[in-house]
Amino acid sequence: MAISTAIGSERRSRVSGYRIMKGFFDTSSPNLPQQILIVGVPNTTNASTVDYTKMKEVVSAREAGELFGFGSPIYQAMRILRPLNSDGVGGIPTFVLPLENSGVALKLTFAVSGTATKSGTHTLVINGRESVDGYNYAFNVLEGNTAANIASQMADAINGNIYSPFTAVATTSNVELTAKYKGVISNDLKASVSAVENLGVTYVLSTTTPGSGVSNTSPLEGALSTTWITSILNGDSPTLFQEFERINGVPYLDNPTGRYTPYIFKPFMAYTGITSTVVSDYTALTATSTTVGQCTNVICPAPGSLGTPVEVAANVVRLFSRTMQDTPEKDVNGMAYPDMPISQVPSFAMFTDYNQRDLFVKNGISNVTFENNQFLIQDLVTTYHVEGEFPYQFGYARNLNLDWNVKDAYTIIEKRALRDKVILRDNDFSNSTNTIKPKEWKGVVYGLFGDLVNAALISDAEFSKQSLRIEVDAVNKDRFNTFFRYRRTGIARIVSTDVEAGF
């Protein structure tokens, strides 16, 4: 066989040809590329113009706001993933799949009473924030202003902030706030007035209409298609847990399911935020018999924060995806949420009691501490917590991503060196470059083990080499079988030291 086939061997007339081909000369594989998908409802005013059937790549928070609405759960997530003042997730692709919701939007009413006895400034606090990206919610109160005057000023402060999740209307001495989007998810919104200076005016907040309606997630499975989305940011409610689990499936059965099916194998983890300070609200999320064996959902806590659960999930995804993209051997332990309103309950058990945190991890619940007005990740885990299994094989989010990296690296060398090659026996000889022998493939996989150890993703390359089994199928001569084991590297999560001291 000729070493060049730029000109076909059947040609006879005088000619010169030159062809350039793809060359892969790296001896190691890159880290698994991270990709993020946000699912959430758009603002009501944007609902009729979006495509609910396809993922769309969005490169900035502003683009997300223009397409899906400023203040929407999608925008809330994107402004944290891709903030104005830092690189955020950088070049990691961020996609959006909007969810259709024909429910009812949350409505709140501030009743304003009194006449201002002096001038000053009060500020609305929306989801724990007095301002968003440079736009504040402050309003001026002038001496002698009536309740109606002040209500009008409050409405202007909300409507004048493009990033607000509410619209507002002043009616006499009331201010009516309506969430910009519909559904149960709108009930996560919070509002209050910071009135540090007593100006003789009072504000009473009440809920006029709670949000209702569950979002339609039926397009999600089809929208994922063959794209390997590694992180789904839940911009809706925990009611999506079971749908995420159904689509993703599980890896550990004789016949893996969902996105773990062997001929698909493009699984994801789905991140859902929670801000509750009631322990049972956390344990209820992982108590069902199905969730116990699932490794899809990751609970992202920020107990006592006035921010939205969507924002909590965005903080975690921002930290985790960036770390897994650059240094997948590491974990996010000890990392601080980059943009989350502080906790109003710093005495919550998750923060102060190690036994509570330990119990949470044993029940598939991630946990954080609250130090120096920051949430610090302690353990990031999926809901997987099979009784009697130690350690939990599919518990830590980092370990799952490690497994995915091994699969991705193996697939790369398989495509380059094995797929569609002509199979020869080890003692055969051929000049063709389109052949593979079992011993040649063994050498390639040995090299992979070394690369993975070098990247600190697995340990004990010799163990993996000894486990390696390669064969040409005894029945189907077009079938090439490979089996190997590997030991994941661990993280120094628990450090125990005993000392003795004496004279």
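This one's a predicted model, so the numbers in the text were calculated from it and none came from an experiment.
- For Val250, the side-chain contact (heavy atoms from CB on, under 4.5 Å) partners are Tyr252, Leu253, Thr257, Gln294, not counting sequence neighbours.
- No side-chain donor-acceptor contact under 3.5 Å links Thr327 and Glu329.
- A salt bridge does not link Arg357 with Asp379: none of the charged nitrogens is closer than 4.0 Å to a carboxylate oxygen.
- By the 4.0 Å N-to-carboxylate-O rule, Lys56 lies too far from Asp51 to be salt-bridged with it.
- In the model, Arg398 has a side-chain atom that pairs as donor or acceptor with a side-chain atom of Thr489 under 3.5 Å.
- Not less than 6.0 angstrom separates the ring centroid of Tyr75 from the ring centroid of Phe68.
- At a threshold of 4.0 Å, the pair Glu387-Lys362 does not count as salt-bridged, since none of the basic side-chain nitrogens sits closer than that to a carboxylate oxygen.
- Counted by atom type alone, Thr109 and Thr208 present one or more donor-acceptor pairs between their side chains at under 3.5 Å.
- For the atom pair CZ (Phe370) and CZ (Phe348), the distance works out to 13.5 Å, reported to the nearest 0.5 Å.
- Aromatic ring orientation, Phe70 versus Tyr163: perpendicular (interplanar angle above 60°, classes split at 30° and 60°).
- We find that Arg322 and Asp326 are joined by a salt bridge, their nearest charged nitrogen and carboxylate oxygen being less than 4.0 Å apart.
- The stretch residues 292-343 participates, sequence neighbours left out, in these ring-ring contact (aromatic ring centres under 6.0 Å, His included) pairs: Tyr337-Phe375.
- A salt bridge is absent between Asp87 and Arg318: the closest approach of a Lys/Arg side-chain nitrogen to an acidic carboxylate oxygen does not fall below 4.0 angstrom.
- Checked by atom type and distance alone, the side chain of Asn363 never pairs as donor or acceptor with a backbone atom of Phe360 at under 3.5 Å.
- Ser237 and Thr239 share a donor-acceptor pair across their side chains, judged by distance under 3.5 Å alone.
- Taking the side-chain contact (heavy atoms from CB on, under 4.5 Å) definition, one finds that Tyr52 meets it with Pro42, Ala47, Val50, Pro98, Glu100, sequence neighbours left out.
- Using modelled atom types, one finds a donor on one side chain and an acceptor on the other under 3.5 Å when comparing Ser215 with Asp236.
- Side-chain atoms of Asp353 never come within 3.5 Å of backbone atoms of Ala349 as a donor-acceptor pair (strictly under, hydrogens ignored).
- Under a 4.0 Å N-O distance rule, the pair Arg493/Asp331 qualifies as a salt bridge.
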